[in-house]
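Working notes, structure below.
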There are 2 protein chains.
Amino acid sequence: MSVQSVDRALDILEALAERGGEAGLSEIAARTGLPYGTIHRLLQTLLARGYVRQESDRRYALGGSLVRTGGVAQRMVGGWAEPYLAKMVELSGETANMAVLEGDFVVYVAQVPSPRRLRMFAEVGRRVLPHSTAVGKVLLADRTDAAAVFGRTGLPRRTEHTITSVDRLLAELETVRDRGYALDLGEEELGVHCLAVPVSDGDRVVAGMSVSGPAERISALDRDELARGLRKIADDFGSEAFGSGRQGF
Amino acid sequence: MSVQSVDRALDILEALAERGGEAGLSEIAARTGLPYGTIHRLLQTLLARGYVRQESDRRYALGGSLVRTGGVAQRMVGGWAEPYLAKMVELSGETANMAVLEGDFVVYVAQVPSPRRLRMFAEVGRRVLPHSTAVGKVLLADRTDAAAVFGRTGLPRRTEHTITSVDRLLAELETVRDRGYALDLGEEELGVHCLAVPVSDGDRVVAGMSVSGPAERISALDRDELARGLRKIADDFGSEAFGSGRQGF
DNA sequence: AAGCATTTTTCCGCCTAGTGGAAAGGGTAT
DNA sequence: ATACCCTTTCCACTAGGCGGAAAAATGCTT
């Protein structure tokens, strides 16, 4: 049903991405379980097209050609997310956002603003640090290297409520995993509260969706009930947008 | 030398990207020249992996899986660009940036700041409109649909120098094509001048690199000589980062 | 509502394009 | 200088992929 060599080429690209965009041939072999000759041949093909690049030490890295298609795809995904974000706005009355983790940063990729007069507005494309945002917390809760991320970024204090202790933050991520949603109680911007839920591709958390608004309005909502509603929407979106991924086991 | 089916799968992905991320099977066939059966089979493979998605009207679109790899690749490219941007800083004494076009926006993907006390600082990841920036102009100069972009974005006045007439702007793009570099004379921010040059993958303009600084300092430089120097650096980077693309003709 | 044109999907025999084990070639650490 | 590890090349085998053409689905026109 599937074309073997294409499948394998994608495996290689993904293996490279998981290793942070760079790996040696044998590292790829270890991860994918493919024979060396095969990997080398497929890499040559990707190399010739600029999807992979070879460094001077003969290691392989993801190449520039992925940027173009990736950018186009990101806008598409943002577009598909809009109806779902609109549902979240309907449910909560507040502005809804979708964000992904890019490196150590949270990047907003789509937004549907609240119809209210007083509302949040975070431009699409904006980058923020994960430790002080609800989406950042859901995104990191799924990763085992959260502590390393905090090590690199530090935990700059944004407001008096920002959590600046690594231990407290890791404990909070634990809570996020357990209850399935994350909060930001004025940690990024004073007077602004957010509630975020994960978007999964069936295997891993690939994005986060959140609603944000003035502290008083958000506090007035029933958190658990809201979270339940948002999770449902995020799950629907996840299976629609990323759903066909990871089949064939 | 190259694996045929992988090459073809990449052709399909690129055809989709060129069509704005969405196309019917026969559109892809027209563009790639591949037989229907073959395209369909390859699309099924990409579909199963989430690299492509099928809409309700049976058309195909780029899928979410590209976002992950694309994001990782973008950071890699930004990293490779740094030594080149550093050379530009050395040459001009001013902050150097690299940016790409994402949809109708210019997105900064890498930066090396000037060592001077008074310097430009535009955060990586920032989005701006193309009409009022030098990088925006080089990026659009290569596209035939620049007028359409301006139609969608409008030409908001950022300063008293911003060009707000479509005709004047299109004429300026013509000039940019001819002389090989673009200027921004306080059109985005008062008192800030920029000079940008294109980065090509050998076929099309895929990014722009620019230097920006206080109007007085930039004016004091010999534009044509500076442009020549920057072009050389940008060309070197282009062939290094995207160079192995488009072989095999 | 029926028929026509267009586009997408399925099928299957042919055979080429891809596979992968193993050996040769490079780098670099000891 | 040598040994080890990682990468690249080679080649005989055959499974995996190819693509023409028919079937099915969709949607447009009359």
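Every heavy atom of this structure was used, including side-chain atoms; hydrogens, water molecules and symmetry mates were not. Every chain is numbered from 1, with letters handed out A, B, ... down the list of sequences.
The environment of F150(A) atom CZ is dense: over 12 non-hydrogen atoms of other residues, nucleotides or ligands sit within 6.0 angstrom.
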Enumerate, atom names and distances included, each donor-acceptor pair closer than 3.5 Å involving a side-chain atom of residues 81-89 of chain B, sequence neighbours excluded.
residue: Y84(B); atom: OH; partner: E240(B); partner atom: OE1; Å: 2.5

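Between I28(B) atom CD1 and dT7(C) atom C1' the separation is 12 Å, expressed in whole Å. Atom P of nucleotide dG19(D) and atom CG of L43(B) are separated by 15 Å, given to the nearest angstrom. Atom CG in L46(A) sits about 13 Å away from atom P in dG18(C), given to the nearest Å. In this structure, CG of L34(B) is placed 15 Å from P of dT8(C), rounded to the nearest angstrom.
Taking 4.5 Å as the limit, some side-chain heavy atom of L91(A) sits within range of a side-chain heavy atom of L230(A). Put simply, the side chain of V197(B) does not reach to within 4.5 Å of the side chain of V138(B), judged on heavy atoms. Side-chain contact check for Y51(A) versus V6(B): every heavy-atom pair is 4.5 Å or farther apart. Side-chain contact check for V199(A) versus V100(A): every heavy-atom pair is 4.5 Å or farther apart.
Checking the phosphate oxygens (OP1, OP2) of dG17(D), a side-chain nitrogen or oxygen of S5(A) falls inside 4.0 Å. Taking only side-chain nitrogens and oxygens, Q4(B) comes nearer than 4.0 Å to OP1 or OP2 of dC18(D). Checking the phosphate oxygens (OP1, OP2) of dG18(C), no side-chain nitrogen or oxygen of R8(B) falls inside 4.0 Å. For dG20(C), one of the phosphate oxygens OP1 or OP2 lies less than 4.0 angstrom from a side-chain nitrogen or oxygen of T38(A).
A donor-acceptor contact shorter than 3.5 Å is absent between the side chain of S2(A) and the backbone of Q4(A).
The terminal axes of the helix from dA1(C)-dT30(D) to dT30(C)-dA1(D), fitted over 5 pairs per end, subtend an angle of 50° to the nearest 10°.
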Nucleotide by nucleotide, nucleotides 5-11 of chain D touches protein heavy atoms under 4.0 Å in the pattern (B base, S sugar-phosphate only, - none) -SBBB--
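Using a 4.0 Å cut-off between charged side-chain N and carboxylate O, E27(A) and R59(A) make a salt bridge.
Note: E18(B) CD to D11(B) CG = 9.5 Å, rounded to the nearest 0.5 Å.
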